[in-house]
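Proteins come first, then strands; the chains are lettered A, B, ... in the order of their sequence lines, and each starts at number 1. What you see is a predicted model, and the numbers here were worked out from it, not measured in a lab.
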Amino acid sequence: MTSPSPRLSGPAGEVIVDWYATAARDLPWRTPGVDPWAVLVSEVMLQQTPVARVEPVWRAWMDRWPTPAALAATPPGEVIRAWGKLGYPRRALRLREAAIAVTERHGGAVPDDVAALQALPGVGTYTARAVACFGHGQRQPVVDTNVRRVVARLVHGRAEAAPARASDLADISALAPRDDARAVRFSVAVMELGALVCVARTPRCGACPVRDLCAWRLAGYPAHEGPARRVQTFTGTDRQVRGRLLDVLRAAEQPVDAAALEPAWDDAAQRARCLDSLLTDGLVEQTSDGLFTLPT
DNA sequence: AAATCGTGGGC
DNA sequence: TGCCCAAGATT
């Protein structure tokens with residue numbers, strides 16, 4: 001267990017909340033009165049996808065499906081189309097499945113219990129707490145990659161975020177303000193600090209509200225020790241091929257034959273393997289006459 | 001538990 | 001240009 005540092009445990013959280021009041025971005029899912037469903041949609045879209053790309057899709061999505069029941073009643077193919085090019089389209093499928101679960105098991109209301117939230121498809125440890133906190137106004141520690149990076153630097157004096165651990169929740173809870181309403185804002189505020197100031201590549205320490213409390217700065221900005229985390233390749237991978245195939249099917253008005261998918265990728269074996277994996281994932285469906293389409 | 005799963009913008 | 005990175009979840 002980490003004991004809260006006296007240097008940090010009083011002031012840092014309060015300072016970060018005050019900074020947020022002046023520096024926060026005006027994002028639509030932060031509008032006062034947005035319901036937990038709107039927050040859930042935003043959180044799933046934001047998993048590994050930048051804010052700028054999410055914003056227009058989120059607006060269109062909420063116009064079209066303002067409630068879980070509305071999304072639950074929609075065929076998966078339409079949902080995949082509306083997801084557009086946000087990436088990782090299995091998230092669209094899972095969000096629809098979550099909407100169905102909410103409708104069938106929770107009377108159409110997004111649950112406020114972290115465990116019930118985490119039981120929903122596509123909702124993991126981060127998203128469950130984010131919805132409980134930002135959507136339901138609960139005091140909850142919320143830990144994403146931004147928060148892990150801020151804690152690594154501010155608290156532990158290290159340059160880079162450690163991989164997720166159970167102790168992350170205690171680390172961030174130790175910094176949270178006592179007042180519940182401020183603690184709720186603290187959870188967004190730390191994420192915002194990590195997104196705008198304490199960024200991965202070139203941290204803007206000159207603009208940081210807690211630079212005088214920062215263990216990393218006080219230690220002289222030591223470089224990261226140990227192996228650099230390997231970045232995922234993309235070009236030529238199945239991920240790229242799946243994306244190409246889905247791109248063709250999203251654009252198609254009607255089911256297409258195998259020949260129509262050939263331009264998506266030259267290597268026939270890889271193309272076939274990826275098409276098969278898309279079928280397995282339920283992102284593509286084959287009609288009775290052998291044509292391919294987004295699932296109906 | 002390491003690998004897999006899209007996409008595009010910034011440097 | 002090519003690499004790095006972005007509010008993770010799942011198996």
Side-chain angles (χ1 to χ4, degrees), chain A residues 20 24-25 27-30 34 38-58 80 83-95 97-98 117-135 140-151 159-161 163-166 168 172 187-196 198-204 224 227-250 264-265 270 273-274 276-278 280-284:
Chain A
Y20 180 78
R25 290 168 293 180
L27 301 174
W29 46 85
R30 289 178 179 167
V34 290
V39 172
L40 174 59
V41 172
S42 76
E43 291 302 337
V44 173
M45 288 183 173
L46 287 163
Q47 291 167 1
Q48 301 288 282
T49 303
V51 166
R53 218 174 306 162
V54 165
E55 205 172 325
V57 180
W58 181 88
I80 293 165
W83 193 258
K85 307 202 80 176
L86 288 182
Y88 296 144
R90 292 192 291 197
R91 289 182 294 166
L93 244 30
R94 294 192 179 122
L95 184 54
E97 288 160 13
L117 283 163
Q118 202 171 335
L120 298 173
V123 176
T125 155
Y126 161 76
T127 304
R129 289 176 184 281
V131 172
C133 185
F134 312 146
Q140 289 286 350
V142 178
V143 178
D144 74 331
T145 181
N146 289 305
V147 174
R148 283 200 304 279
R149 186 173 55 250
V150 170
V151 168
E160 289 184 18
R165 313 167 155 280
D168 291 341
I172 200 63
S187 288
V188 223
V190 182
M191 291 176 56
E192 193 76 340
L193 186 66
L196 298 182
C198 195
V199 296
R201 196 108 44 121
T202 313
R204 304 171 48 208
H224 174 68
R229 71 176 189 90
R230 52 180 288 272
V231 67
Q232 296 185 95
T233 59
F234 177 66
T235 305
T237 62
D238 286 2
R239 274 196 346 283
Q240 182 177 25
V241 179
R242 286 165 53 105
R244 294 267 193 93
L245 291 169
L246 223 44
D247 215 17
V248 172
L249 293 174
R250 268 195 303 261
W265 198 254
Q270 188 178 16
R273 179 175 74 243
C274 289
D276 190 62
S277 76
L278 288 168
T280 299
D281 287 348
L283 286 164
V284 174

| How many Å lie between CD1 on A:I80 and P on B:dT7, as a whole number? | 12 Å

| Looking only at atom P, what distance separates C:dA9 and B:dG8, rounded to whole Å? | 23 Å

| said: Applying ring-ring contact (aromatic ring centres under 6.0 Å, His included), can you list everything that pairs with A:W265, at least two apart in sequence or on another chain? | reply: none

| request: Report the distance from atom CG of A:D276 to atom P of B:dT4, rounded to the nearest whole Å. | output: 17 Å

| note | In whole angstroms, the gap separating C1' of B:dT4 from CZ of A:R242 amounts to 9 Å

| said: I need the CG-C1' distance between A:L196 and B:dG10, as an integer number of Å. | reply: 16 Å

| query | Does the distance from a Lys or Arg side-chain N to an Asp or Glu carboxylate O, for A:E55 and A:R25, drop under 4.0 Å? | reply | no

| message | Can you tell me if A:K85 touches the phosphate of B:dG6, counting only side-chain N or O atoms and a distance under 4.0 Å to OP1 or OP2? | response | no

| request: Starting at the 5' end of nucleotides 4-11 of chain C, put B wherever the base has a protein heavy atom under 4.0 Å, S where only the sugar-phosphate does, and a dash everywhere else. | output: BBBBBSS-

| task | List in chain and number order the residues that pass side chain to side chain donor-acceptor pair (under 3.5 Å) with A:D168, two or more places apart in sequence or in another chain; answer none if no residue qualifies. | result | none

| Within the structure shown, what part of the strands sits under 4.0 Å from A:L86 by heavy-atom distance: base, sugar-phosphate, or nothing? | base

| field | For atom CG of A:L283 and atom P of B:dT7, their distance in whole Å | value | 11 Å

| When you compare B:dA2 with C:dA7, how far apart are their P atoms, in angstrom units rounded to a whole number? | 23 Å

| Given that A:T202 and A:R250 both sit by DNA chain B, which one's nearest nucleotide is further toward the 5' end? | A:R250

| query | Who pairs with A:R204 by side chain to side chain donor-acceptor pair (under 3.5 Å), at least two apart in sequence or on another chain? | reply | none

| task | Name all residues meeting the side chain to side chain donor-acceptor pair (under 3.5 Å) criterion together with A:T237; count only those two or more places apart in sequence or in a different chain, and write none if there are none. | result | none

| query | Looking at CD of A:E43 and CH2 of A:W29, how far apart are the two atoms once the value is rounded to the nearest 0.5 Å? | reply | 9.0 Å

| field | Atom-to-atom span, CH2 of A:W83 to P of B:dC5 - whole angstrom | value | 17 Å

| request: Please list, chain by chain and in numerical order, all residues satisfying salt bridge (charged side-chain N to carboxylate O under 4.0 Å, His left out) with A:R91, sequence neighbours excluded. | output: none

